[in-house]
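Right, one structure below, let's go through it.
Because the structure is a prediction, the values reported are computed rather than measured. Ligands are counted one by one from 1 in listed order, and the atoms in each one are counted from 1 as well.
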Amino acid sequence: MKKLAVLLSCCLYAICIQSETLSSPDGRITLDFSLTGDGKPQYSLQYDGKPVVQPSTLGFDLTDGRSLKDGFDIASVSTSHTDRTWKPVWGEVSEIRDKFNEMSVDLLHKPDSVKIVLRFRLFDDGLGFRYEFPKQQNLSYFRVSNELTEFRLAGDHKTFWIPANFDSNEYYYTTSKFSEIDARSADGRGIGTHKIASPTGVQSPLMMKSSDGLYINIFEAALADYPAMHLNADTSALSLNVLLAPDAYGTKAYLQTPCKTPWRTVIVSDDATDILASKTILNLNEPCKIEDTGFIKPQKYVGVWWEMHVPLHGSWNYADIGNIKLDSVDWNKLVPNGRHAANTVNVKKYIDFAAEHGFSSVLVEGWNVGWEDWAGNWKEEVFDFVTPYPDFDIAELSEYAKSKGVKLMMHHETSGSASNYERRLDEAVDFMKKYGYDAVKTGYVGWIIPRGEAHDGQWMVNHYSRVIKKMAENDIMINQHEPVRPTGQHRTYPNLMACEAARGNEFNAWSYGNPPEHETILPFTRLMGGPMDYTPGIFEIKMSAYQSGNDCQVHTTLAKQLALYVTMYSPLQMAADLPENYEKHPDAFKFIEDVAVDWDDTKILEAEPGDYITIARKAKGSEEWFVGAITDENPRETDIPLSFLDKGKKYIATIYSDAANAHWKDNPKAYKITTRTITSKSKLKLKLACGGGCAISLRPRP
Ligand code: NOJ
Ligand code: CA
């Protein structure tokens with residue numbers, strides 16, 4: 001703890017103002033904590049002496065009228081140093097260092113003798129702090145009407161933001177000066193639950209860049225029993241306040257002591273690659289609580305899925321009728337529409353494809369009754385999760401999959417009716433066990449039931465975690481769509497393989513899509529909290545291939561779709577396109593077959609939010625490396641040094657790149673594949689097209 005400085009007691013005014021300073025282990029980041037003259041707690045943060053967070057307030061308003069924002073005394077302060085390493089069950093690296101200096105400040109709220117502990121942890125790449133409420137006489141049950149945590153910025157930073165909406169994060173990012181944030185201008189087309197929470201509200205993680213080159217990311221870790229942290233921007237004061245989803249009574253959180261809030265985090269560096277390499281969010285989560293993790297298997301999967309998203313193809317529903325009641329339909333009497341994709345013959349085709357190309361699982365959506373009338377009606381009883389459509393022979397298919405060494409992946413779309421899902425969850429899990437499923441994709445399209453709750457509110461945060469735990473108890477992996485965005489809980493429950501919680505590739509199939517820069521921003525924002533089920537690997541880029549005149553398209557080149565397997569980290573990666581589209585490009589598909597999903601090491605080689613990312617990863621338990629490089633709408637040339645490779649070894653590099661005339665819009669499918677022998681001394685010159693990318697596999701030469 002040699003560099004940890006603790007300064008005590010500088011007396012000003014008539015009242016004693018106390019201030020404390022804490023430094024990061026490498027000394028580059030410092031935190032100052034103090035009480036103002038009227039007992040308001042405040043903190044500030046510096047990086048290499050540059051202000052990152054200016055003095056900002058901390059505290060709460062409670063629904064009983066109490067205000068825990070001033071009138072405090074410091075009862076005691078203690079500091080400590082921790083340096084330990086731990087091994088994730090799966091991840092970007094095989095070992096994670098958790099090294100920080102900690103300061104805990106015991107505060108006493110004088111008017112009512114309430115005790116609060118403020119715990120600060122300073123890592124070499126940033127700060128985490130949280131509020132803890134010990135069990136005490138004067139505070140047992142309490143309700144939060146507002147959290148008063150503030151982040152006062154030191155400048156009008158370049159900001160990558162999506163609007164605060166407590167029910168969706170599926171927006172594309174706007175890049176603007178902080179002072180120009182205007183959530184009302186956000187484009188809600190294609191978002192069923194588009195509702196802005198505040199005119200200048202933005203979502204966290206919030207990524208910013210200062211004019212003097214600091215990269216600043218504001219987020220939270222270990223969200224549990226509390227609403228997700230959104231932020232309200234004061235565009236003239238250049239500050240952010242915590243904004244939480246209320247319930248129907250306007251209450252933000254119902255708490256009982258002892259309890260603690262999630263960690264509020266500020267990750268900061270003068271190098272953007274450090275933001276992507278940061279493990280602070282994971283380090284602030286609890287260690288793994290699953291005893292036997294043997295059932296958790298990082299994997300690639302295919303699915304009866306994209307064909308429902310592209311125009312004029314498959315449907316989820318079996319019959320074309322609306323307005324049904326689940327318990328009053330004789331499914332065998334319905335007239336099938338002839339497009340129902342989850343039929344036994346079609347699913348077998350996917351199982352064969354998965355077996356032939358080495359995929360572990362086949363996701364099947366639309367297998368269960370209810371899709372005739374599933375979205376948009378805020379309906380309570382949409383699905384029962386246990387009744388297959390008449391043309392989906394689940395017994396035969398699970399036997400068939402087993403004989404081919406492939407797993408079926410379950411799909412539980414809830415239509416936002418979490419209450420219905422909870423009532424039926426035991427039965428749904430028994431059903432999965434009966435047919436040998438070990439993974440589920442859940443979905444929460446639409447407004448939430450219980451009505452009055454939001455995807456990002458306390459009740460739903462608890463719902464998502466109840467489901468994750470229930471699946472863990474039953475040795476089931478989970479991939480959540482439309483959940484609250486993750487905050488590193490996959491350290492604690494590594495059966496949570498991936499989430500959507502952002503604008504995925506699917507928007508490219510049926511809307512104006514995701515701009516080419518989208519995938520260069522997501523790792524700096526949404527992926528800070530955990531892997532995303534982005535569903536890469538689309539080869540048939542333009543939807544006009546399915547429907548003439550349809551101008552929807554994926555906003556990348558084909559080569560960039562390959563690179564995303566490396567740049568968009570997830571232990572669960574889909575090969576999302578249709579088998580027949582892969583069969584047209586077996587040479588490019590080889591990269592998807594080969595690429596790993598679990599890693600011993602990761603090197604973030606270059607990165608700039610909104611512009612480009614290049615990452616190299618070493619496959620778990622192997623000498624193979626994979627590299628992904630992506631750019632935004634601008635073309636890019638770069639030389640990547642391969643000094644991370646073993647010295648003296650020769651590698652065969654297979655390079656999947658954009659052809660010279662490739663362009664995401666005009667010529668997206670033009671790619672070329674070359675091979676070269678390289679060593680750690682080589683440099684690879686890469687040329688990326690507009691909206692392009694490059695994927696490389698590196699194998700030691702025998
Ligand atoms: C939205 C999900 O993101 C998508 O993957 C799924 O196919 C549909 N909901 C239907 O559940
Ligand atoms: Ca850009």
Side-chain angles (χ1 to χ4, degrees), residues 165 167-172 188-194 301-311 313-318 339-342 346-347 350 361-379 382-385 389 392 408-418 420-421 428 439-449 455 464 467 478-486 497-511 513-514 518 522 526 531-538 543 552 554 568 570 572-578:
N165 171 348
D167 287 286
S168 179
N169 25 41
E170 301 191 1
Y171 295 87
Y172 62 81
R189 283 175 295 161
I191 297 173
T193 50
H194 173 60
Y301 73 105
V302 293
V304 180
W305 179 74
W306 187 245
E307 62 177 285
M308 282 89 108
H309 287 270
V310 300
H313 235 73
S315 69
W316 283 272
N317 51 309
Y318 173 76
R339 290 178 292 114
H340 180 230
N346 195 35
V347 175
Y350 279 83
S361 308
V362 177
L363 165 73
V364 186
E365 294 199 359
W367 66 275
N368 57 325
V369 300
W371 290 90
E372 281 65 24
D373 174 16
W374 76 281
N377 297 320
W378 214 348
K379 177 177 160 180
V382 185
F383 297 107
D384 69 7
F385 313 102
Y389 277 124
F392 181 84
L408 289 176
M409 196 182 285
M410 180 46 79
H411 184 227
H412 289 163
E413 173 57 61
T414 68
S415 279
S417 184
N420 178 45
Y421 191 38
V440 62
K441 169 179 171 180
T442 55
Y444 295 84
V445 169
W447 304 105
I448 293 298
I449 302 177
H455 288 73
Y464 296 122
V467 175
I478 177 167
N479 168 18
Q480 302 170 317
H481 277 230
E482 299 86 30
V484 64
R485 78 280 181 281
M497 307 297 284
C499 297
E500 184 188 42
R503 190 179 182 91
N505 222 358
E506 66 188 27
F507 272 78
N508 284 314
W510 38 255
S511 79
N514 306 343
H518 190 57
L522 282 172
R526 158 66 184 79
M532 176 170 178
D533 186 35
Y534 188 69
T535 69
I538 302 304
M543 298 306 126
C552 294
V554 174
M568 203 78 96
S570 178
L572 182 73
Q573 289 282 26
M574 188 174 202
D577 210 338
L578 311 182

Looking only at protein heavy atoms, which one is nearest to [atom], and what is the separation?
atom	result
atom 9 (N) of ligand 1	Val445 CG2, 3.4 Å
atom 1 (C) of ligand 1	Glu482 OE2, 3.0 Å
atom 3 (O) of ligand 1	His481 ND1, 2.7 Å
atom 5 (O) of ligand 1	Lys441 NZ, 2.7 Å
atom 11 (O) of ligand 1	Glu413 OE1, 2.7 Å
atom 4 (C) of ligand 1	Glu506 OE1, 3.2 Å

Keeping the roles fixed (side chain from [X], backbone from [Y]), state whether a donor-acceptor pair exists under 3.5 Å.
X	Y	answer
Asn165	Thr193	yes
Glu413	Glu365	no
Asn508	Gly513	no

Considering only heavy atoms of [X], which atoms of ligand 1 have at least one such atom less than 4.0 Å away?
X	value
His411	11 (O)
Glu500	3 (O)
Trp305	4 (C), 5 (O), 6 (C), 7 (O)

query: Quick one: which of Glu365, Met308, His309 has a heavy atom closest to atom 10 (C) of ligand 1?
result: Glu365

message: For a quick test of reading the model, state the closest non-hydrogen atom pair linking His518 to Arg503 and the distance between them.
response: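 Heavy atoms of His518 and Arg503 come nearest at NE2-O, 2.9 Å.
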
Trp371 touching ligand 1 at heavy-atom level, < 4.0 angstrom: yes

Kindly indicate whether the side chain of [X], heavy atoms from C-beta on, has any atom under 4.5 Å from the side chain of [Y].
X	Y	result
His412	Phe383	no
Val467	Val440	no
Val304	Trp367	no

message: Is the distance between the ring centroids of Tyr444 and Tyr464 under 6.0 Å?
response: yes

